[in-house]
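Accompanying notes for the structure given below.
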Amino acid sequence: MRKKMIGIIEDDVHIGDIIEESLRREGYRTCRAYSGTEAQYLLADQKAGQELDLILLDLMLPGMTGEALLPQIRDIPVIVISAKVGVDDKVEALLGGAADYITKPFAVRELLARITVQLRKRDLSARAGQTAGSDSCQKDQRLMVGDLMLDLVLREVSSQNAQDKNTAVRLTRTESAILRLLMQNAGQVFSKAAILDCISADTPDCTDSSLKQHISNLRRKLAEIGEADCIEAVWGIGFRLNL
């Protein structure tokens, strides 16, 4: 089995050394960049860029800042590690694409736990995508995350937590698009604007004013199958699937 590769983008050599040593003891491979500009080269490198499973990103970097680099990172979970402790800094990073945020000084054990969680979510999302892709020529395409299963064709959702496990709830096109997005990115926080942007091709009639009602209706339907709390509202940021 291929060892996970974690990129460490940190200009403080001492902190970077501590993180790298801890990761290697846990069996991870690592690569490092000491500035935002150097990180750009790392991401552009075909071999290194494709092997990265997760990135640890400092915000106060020489050259290009972490805030400027973050939007350029695609399809790789990013945990921000920063001395910036303000709520606005955290919100900006999370809305900018970060999967998690941890402040300095930090406990190595906590960082390792957060890394484990994000890698687990990435693996679950990949398996869910493979499940959907393998059924692409069949009528009953399904997306599965945890106990939740979404039929992508019939727009029906069911759960192993339901009293009757054969019960499925019909969703509208918009509800299905929202749930599909959240399931494919389980654990990641999406702002209202990000949700609208991601589902706009499938649901052009969904607006900023109507999105909250669609999510409320979706939550009510999920409650019918024993998943009342799976869509979590993250105060001041947006929504995420929490399974």
Side-chain angles (χ1 to χ4, degrees), residues 1 53-54 74-78 94-95 97-100 116-234 237-243:
M1 184 183 229
D53 295 291
L54 183 139
R74 304 290 183 184
D75 303 322
I76 305 170
V78 176
L94 291 167
L95 292 180
D100 201 353
T116 298
V117 169
Q118 293 304 324
L119 290 175
R120 184 185 300 148
K121 290 176 180 177
R122 179 179 170 90
D123 289 343
L124 285 171
S125 180
R127 285 198 292 270
Q130 290 170 0
T131 300
S134 65
D135 292 340
S136 60
C137 295
Q138 302 176 18
K139 186 176 180 180
D140 59 338
Q141 295 179 21
R142 292 174 181 138
L143 179 61
M144 300 183 69
V145 178
D147 294 320
L148 210 59
M149 183 176 72
L150 174 64
D151 190 307
L152 301 173
V153 175
L154 299 178
R155 296 202 297 270
E156 293 182 344
V157 62
S158 58
S159 172
Q160 290 298 306
N161 290 326
Q163 290 185 348
D164 182 353
K165 293 179 173 53
N166 294 318
T167 299
V169 178
R170 288 295 301 270
L171 304 177
T172 66
R173 180 182 295 275
T174 300
E175 292 163 359
S176 179
I178 294 170
L179 184 57
R180 178 175 184 172
L181 172 66
L182 296 179
M183 288 178 69
Q184 288 175 331
N185 301 275
Q188 181 175 337
V189 180
F190 283 87
S191 66
K192 290 173 64 176
I195 293 174
L196 287 170
D197 183 57
C198 290
I199 69 172
S200 60
D202 296 326
T203 60
D205 59 327
C206 186
T207 64
D208 183 75
S209 59
S210 67
L211 178 61
K212 187 176 180 180
Q213 186 60 51
H214 288 300
I215 292 178
S216 176
N217 293 339
L218 177 57
R219 280 172 155 174
R220 175 176 50 78
K221 291 181 179 181
L222 290 171
E224 294 177 19
I225 54 172
E227 298 288 354
D229 301 319
C230 70
I231 295 182
E232 178 185 359
V234 181
I237 303 177
F239 302 91
R240 68 181 169 193
L241 189 72
N242 188 16
L243 291 176

Original post:
For the side chain of Arg219 and the backbone of Ile231, is there at least one donor-acceptor N/O pair under 3.5 Å apart?
Top reply: yes
Original post:
Would Leu222 and Leu148 satisfy side chain to side chain contact (heavy atoms under 4.5 Å, CB included), going step by step from the backbone distance to the final call?
Top reply: CA-CA 9 Å; Leu222 290 171; Leu148 210 59; 4.2 Å; yes
**OP:** Just do the side chain to side chain contact (heavy atoms under 4.5 Å, CB included) check on Ile237 and Leu95 with the steps written out, would you?
**Re:** CA-CA 7 Å; Ile237 303 177; Leu95 292 180; 3.5 Å; yes
Original post:
Are the side chains of Lys192 and Ile215 in touch, meaning some heavy atoms are under 4.5 Å apart?
Top reply: no
Subject >> Interatomic distance, Leu181 atom CG to Leu241 atom CG [nearest 0.5 angstrom] >> reply: 10.0 Å
Original post:
Nearest 0.5 Å, what's the CZ-NE2 distance between Arg173 and His214?
Top reply: 12.5 Å
**OP:** Hey, could you give me the CG/CE distance between Asn185 and Met183, rounded to the nearest 0.5 Å?
**Re:** 11.0 Å
**OP:** Determine yes or no for a side-chain-to-main-chain donor-acceptor pair under 3.5 angstrom, with Arg155 supplying the side chain and Thr174 the backbone.
**Re:** no
Original post:
Less than 4.5 Å apart, any side-chain heavy atom of Met149 and any of Met144?
Top reply: yes
**OP:** Could you tell me which non-hydrogen atom of Cys198 sits nearest to which non-hydrogen atom of Phe190, and how far apart they are?
**Re:** SG-CE2, 4.3 Å
**OP:** Identify the heavy atoms of Ala177 and Ile199 that sit nearest to each other, and give their distance.
**Re:** O-CG2, 3.8 Å
Original post:
Hey, is the main chain of Leu154 close enough, under 3.5 Å, to the side chain of Asp151 for a donor-acceptor pair?
Top reply: yes
**OP:** For the pair Leu150 and Leu171, evaluate side chain to side chain contact (heavy atoms under 4.5 Å, CB included) and give the outcome as yes or no after the intermediate values.
**Re:** CA-CA 10 Å; Leu150 174 64; Leu171 304 177; 3.8 Å; yes
Subject >> Pairwise distance CG(Leu182) to CG(Asn242) - rounded to 0.5 angstrom >> reply: 11.0 Å
**OP:** Ignoring hydrogens and angles, tell me if any N or O in the side chain of Asp197 forms a donor-acceptor pair with the backbone of Ala193 under 3.5 Å.
**Re:** no
**OP:** Looking only at non-hydrogen atoms, find the nearest pair between Ser159 and Ile225 and report the distance.
**Re:** CB-O, 3.5 Å
**OP:** Calculate, to the nearest 0.5 Å, the distance between atoms CD and CZ belonging to Glu156 and Arg142 respectively.
**Re:** 9.5 Å
Original post:
Rounded to the nearest 0.5 Å, how far does CZ of Arg240 lie from CG of Leu94?
Top reply: 9.0 Å
Original post:
Any side-chain heavy-atom pair from Ile178 and Leu218 closer than 4.5 angstrom?
Top reply: yes
**OP:** Take atom NZ of Lys212 as the centre, draw a 6.0 Å sphere, and report whether it contains more than 12 heavy atoms from other residues, nucleotides or ligands.
**Re:** no
Original post:
Would Ser158 and Thr167 count as a side chain to side chain contact (heavy atoms under 4.5 Å, CB included) if you check the C-alpha gap in whole Å, the side-chain angles of each, and the deciding distance to 0.1 Å?
Top reply: CA-CA 6 Å; Ser158 58; Thr167 299; over 6 Å; no
**OP:** List in chain and number order the residues that pass side chain to side chain donor-acceptor pair (under 3.5 Å) with Glu224, two or more places apart in sequence or in another chain; answer none if no residue qualifies.
**Re:** none
